[in-house]
Chemist: 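One structure coming up, written as structure tokens, with questions to follow.
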Amino acid sequence: MERTLILIKPDALARGLAGEVLSRFEQKGLKIAGIKMIQLDDQLLREHYSHLADKPFFPTITEFMSRTPVIALCLEGLEAVAVCRSLCGVTNSRQAAPGTIRGDLGMSMQANLVHASDSVETAAQEVARFFDPDELFSYEPALLAYQYAADER
Ligand code: ADP
């Protein structure tokens, strides 16, 4: 099973959509391995968005992402990284497909409700960046046998 890092962004919290966003992942069958609310500071944001540091819009991302606390999730499942990315939809919410979180709930490139790690390697780094080991939990969901076939578990 893979683990991935999700952030429910300030726009989702401000708009009362945090539960809806979490629900999309839960209903799909992702297991919550970790969950917490966190106020992102400049240093954490610079690390997290280092791939965008030279973009002209970078200062607006850090301002937006620190406007309110975010909800950090570590989600677990088979191919969880790719599954979560596809549930989110493409970065620009206006272009995101209907049925995805961004496609159904957003209109913005920046205020796009949710972050999801973009590769297995990034996910490992991001989970470690946002969660201490004792904040991550291993447990067997009661319905696991109905979520996956025996040879998938
Ligand atoms: P994603 O979150 O889909 O993986 P990126 O890693 O490219 O996308 O960008 C990180 C975040 O930065 C986006 O989710 C979005 O909030 C913001 N962002 C990306 N591109 C722009 C842009 N051109 N203008 C404003 N904000 C942007």
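The chain is numbered in sequence order, starting from 1. Every number for a ligand or one of its atoms is a count from 1 in the order of the listing.
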Chemist: Check ligand 1 against Leu52 and write out every atom of the ligand that is under 4.0 Å from a heavy-atom position of the residue.
Modeler: 9 (O), 10 (C), 12 (O)
Chemist: Under a 3.5 Å cutoff, is there a donor and acceptor pairing between the side chains of Ser66 and Gln39?
Modeler: no
Chemist: Mark yes when over 12 heavy atoms from residues, nucleotides or ligands other than Lys55 sit less than 6.0 Å from its NZ; otherwise mark no.
Modeler: no
Chemist: Test side chain to side chain contact (heavy atoms under 4.5 Å, CB included) on Ile32 and Glu26 and set out the steps.
Modeler: CA-CA 8 Å; Ile32 302 174; Glu26 271 193 302; 4.0 Å; yes
Chemist: Of the backbone atoms (N, CA, C, O) and the side-chain heavy atoms from C-beta on, which set of Thr91 has a member under 4.0 Å from an atom of ligand 1: side chain, backbone, both, or neither?
Modeler: both
Chemist: Would you give the length of the straight line joining atom CE of Met1 to atom CG of Leu144, rounded to the nearest 0.5 angstrom?
Modeler: 5.5 Å
Chemist: I need the contact type for Lys55 against ligand 1. Using non-hydrogen atoms and a strict under-4.0 Å cut-off, is it side chain, backbone, both or neither?
Modeler: neither
Chemist: For Tyr49, which part has a heavy atom under 4.0 Å from ligand 1: side chain, backbone, both, or neither?
Modeler: side chain
Chemist: Considering only heavy atoms, which of Gln110, Met109, Met65, His51 lies nearest to atom 6 (O) of ligand 1?
Modeler: His51
Chemist: For Asn112 and Ser108, which I'm curious about, is there any donor-acceptor pair between the side chains at under 3.5 Å?
Modeler: no
Chemist: Quick one: do Arg67 and Asp11 make a salt bridge, cutoff under 4.0 Å?
Modeler: no
Chemist: For ligand 1, which atoms, with element, lie under 4.0 Å from some heavy atom of Asn112?
Modeler: 13 (C), 14 (O), 15 (C), 16 (O)
Chemist: What are the atoms of ligand 1, with element, lying closer than 4.0 Å to any heavy atom of Arg102?
Modeler: 2 (O), 3 (O), 14 (O)
Chemist: Provide, to 0.1 Å, the distance between atom 27 (C) of ligand 1 and the closest protein heavy atom, together with that atom's residue and name.
Modeler: Phe57 CE1, 3.5 Å
Chemist: So which protein heavy atom does atom 17 (C) of ligand 1 come closest to, and at what separation?
Modeler: Ile61 CD1, 3.8 Å
Chemist: Who's closest to atom 4 (O) of ligand 1 heavy-atom-wise, of His115, Arg85, His48?
Modeler: Arg85
Chemist: Can you see whether Glu126 engages Thr122 through a side-chain donor-acceptor pair at a distance of less than 3.5 angstrom?
Modeler: no
